[in-house]
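Inspection log for the structure reproduced underneath, given as structure tokens.
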Amino acid sequence: EVQLVESGGGLVQAGGSLRLSCAVSGLSFDGYAIGWFRRAPGKEREGISYISSPDGRTYYAESVKGGFTISSDKTKKRVYLEMPSRKPEDTAVYCCAAGASPRTVVKEWLPSDPWWWGQGTQVTVSS
């Protein structure tokens, strides 16, 4: 059974930093893209970043490009999302997700088949 378990969310003041962690079990990293979606209040769910294995290719949505950094540690079976200098508009539920690695450069990361979701972790950025 594939399980994705997020940690690291919470309340942070604007300008503060967070690091989200996704613990992966039941899934080999190679051949899959593992990353993060978020759903902000009143907005559509958005795939914001993934990292694929074994090539290490990364994807960032335009909304977070230049601000977030994704990384993975295969030995620990974790994927991380560094979120420095957060803004109130980053307030959302952040979910870890995994699916087959896209074969081409994508403009938007969307759920595919197979696909797995974590339960999500709340990130609240206060102004």
Side-chain angles (χ1 to χ4, degrees):
E1 179 187 5
V2 176
Q3 288 192 323
L4 308 174
V5 180
E6 303 94 338
S7 60
L11 175 64
V12 64
Q13 289 188 329
S17 300
L18 282 174
R19 185 176 80 157
L20 303 183
S21 176
C22 176
V24 182
S25 61
L27 184 70
S28 169
F29 274 48
D30 286 349
Y32 294 97
I34 305 174
W36 299 88
F37 279 66
R38 70 179 179 183
R39 175 169 280 170
K43 294 188 177 181
E44 295 291 319
R45 184 179 62 196
E46 176 187 23
I48 57 174
S49 183
Y50 71 72
I51 185 166
S52 63
S53 298
D55 57 6
R57 180 161 38 100
T58 58
Y59 161 85
Y60 296 97
E62 287 298 321
S63 60
V64 303
K65 193 174 292 184
F68 291 4
T69 302
I70 194 167
S71 62
S72 66
D73 185 332
K74 290 184 182 181
T75 59
K76 295 182 178 179
K77 300 207 73 176
R78 287 183 179 266
V79 174
Y80 304 100
L81 187 69
E82 299 283 351
M83 306 167 58
S85 303
R86 290 308 88 221
K87 304 173 183 178
E89 50 264 41
D90 294 315
T91 293
V93 176
Y94 287 74
C95 287
C96 186
S101 290
R103 296 184 179 183
T104 61
V105 175
V106 298
K107 292 184 179 180
E108 185 179 8
W109 189 33
L110 298 172
S112 59
D113 183 25
W115 191 263
W116 298 274
W117 292 105
Q119 290 295 313
T121 185
Q122 176 70 46
V123 171
T124 302
V125 183
S126 62
S127 57

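For the pair Trp109 and Gly35, the tightest heavy-atom approach, listed with the atom from each and the gap, is CH2-N, 3.6 Å. The heavy-atom pair separating Leu18 from Gly10 by the smallest distance is CD1-O, 4.3 Å. Scanning both residues, Tyr60 and Thr69, for their nearest heavy atoms gives OH-CA, 3.4 Å. Residues Ser85 and Ser17 approach most closely at N-OG, 3.7 Å, considering heavy atoms. Arg86 and Gly67 make their closest contact through NH2-O, 3.7 Å (heavy atoms, listed as atom of the first residue, atom of the second, distance). Across Ser72 and Val79, no two heavy atoms sit closer than the pair CB-CG2, 4.1 Å.
The cluster map of Ile, Leu, Val, Met, Phe, Trp and Tyr, joined by side-chain heavy atoms under 4.5 Å apart, puts Tyr80 and Val12 in different clusters. In this structure, Val93 is not a member of the same hydrophobic cluster as Ile70, with clusters built from ILVMFWY side-chain heavy atoms closer than 4.5 Å.
Atoms CZ and CG, from Phe68 and Leu20 in turn, are 8.0 Å apart once rounded to the nearest 0.5 Å. Note that CG of Asp90 is 11.0 Å distant from OG1 of Thr124, once rounded to the nearest 0.5 Å. For the atom pair CZ (Phe29) and CG (Asp73), the distance works out to 8.0 Å, reported to the nearest 0.5 Å. Here the OG atom belonging to Ser127 is positioned 14.0 Å from the NZ atom belonging to Lys87, to the nearest 0.5 angstrom. With rounding to the nearest 0.5 angstrom, the CD1 atom of Ile34 is 10.0 Å from the OG atom of Ser52.
Residue Val64 is tested with Met83, Arg38, Glu46 for a side chain to side chain contact (heavy atoms under 4.5 Å, CB included); the sole match is Arg38.
In this structure, the side chains of Ser21 and Lys76 stay at 4.5 Å or more apart for every pair of heavy atoms.
The environment of Gln119 atom CD is sparse: at most 12 non-hydrogen atoms of other residues, nucleotides or ligands sit within 6.0 angstrom. Heavy-atom neighbours of Lys74 NZ from other residues, nucleotides or ligands within 6.0 Å: above the threshold of 12. Around atom CD of Glu89, more than 12 heavy atoms belonging to other residues, nucleotides or ligands sit under 6.0 Å away.
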*Check the pair Cys96, Trp36 against side-chain contact (heavy atoms from CB on, under 4.5 Å), reporting the backbone distance first and the verdict last.*
CA-CA 5 Å; Cys96 186; Trp36 299 88; 4.2 Å; yes
*Go through Arg78 and Ser7 one step at a time and tell me if the side-chain contact (heavy atoms from CB on, under 4.5 Å) criterion holds.*
CA-CA 11 Å; Arg78 287 183 179 266; Ser7 60; 4.3 Å; yes
*asked:* Please evaluate residues Thr91 and Gln122 with respect to the criterion side-chain contact (heavy atoms from CB on, under 4.5 Å), reporting the C-alpha separation (whole Å), side-chain torsions for both, the decisive distance (0.1 Å), and the verdict.
replied: CA-CA 8 Å; Thr91 293; Gln122 176 70 46; 3.9 Å; yes
*Any chance you could lay out the side-chain contact (heavy atoms from CB on, under 4.5 Å) test for Cys95 and Glu6, step after step, and finish with the verdict?*
CA-CA 7 Å; Cys95 287; Glu6 303 94 338; 4.0 Å; yes
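Taking the six-membered ring for Trp and thresholds of 30 and 60 degrees, Phe37 and Trp115 have ring planes more than 60 degrees apart, a perpendicular arrangement. Between Tyr50 and Tyr59, the ring-plane angle classifies as parallel under the 30° and 60° cut-offs.
The backbone N or O of Ala33 sits less than 3.5 Å from a side-chain atom of Ser101, completing a donor-acceptor pair.
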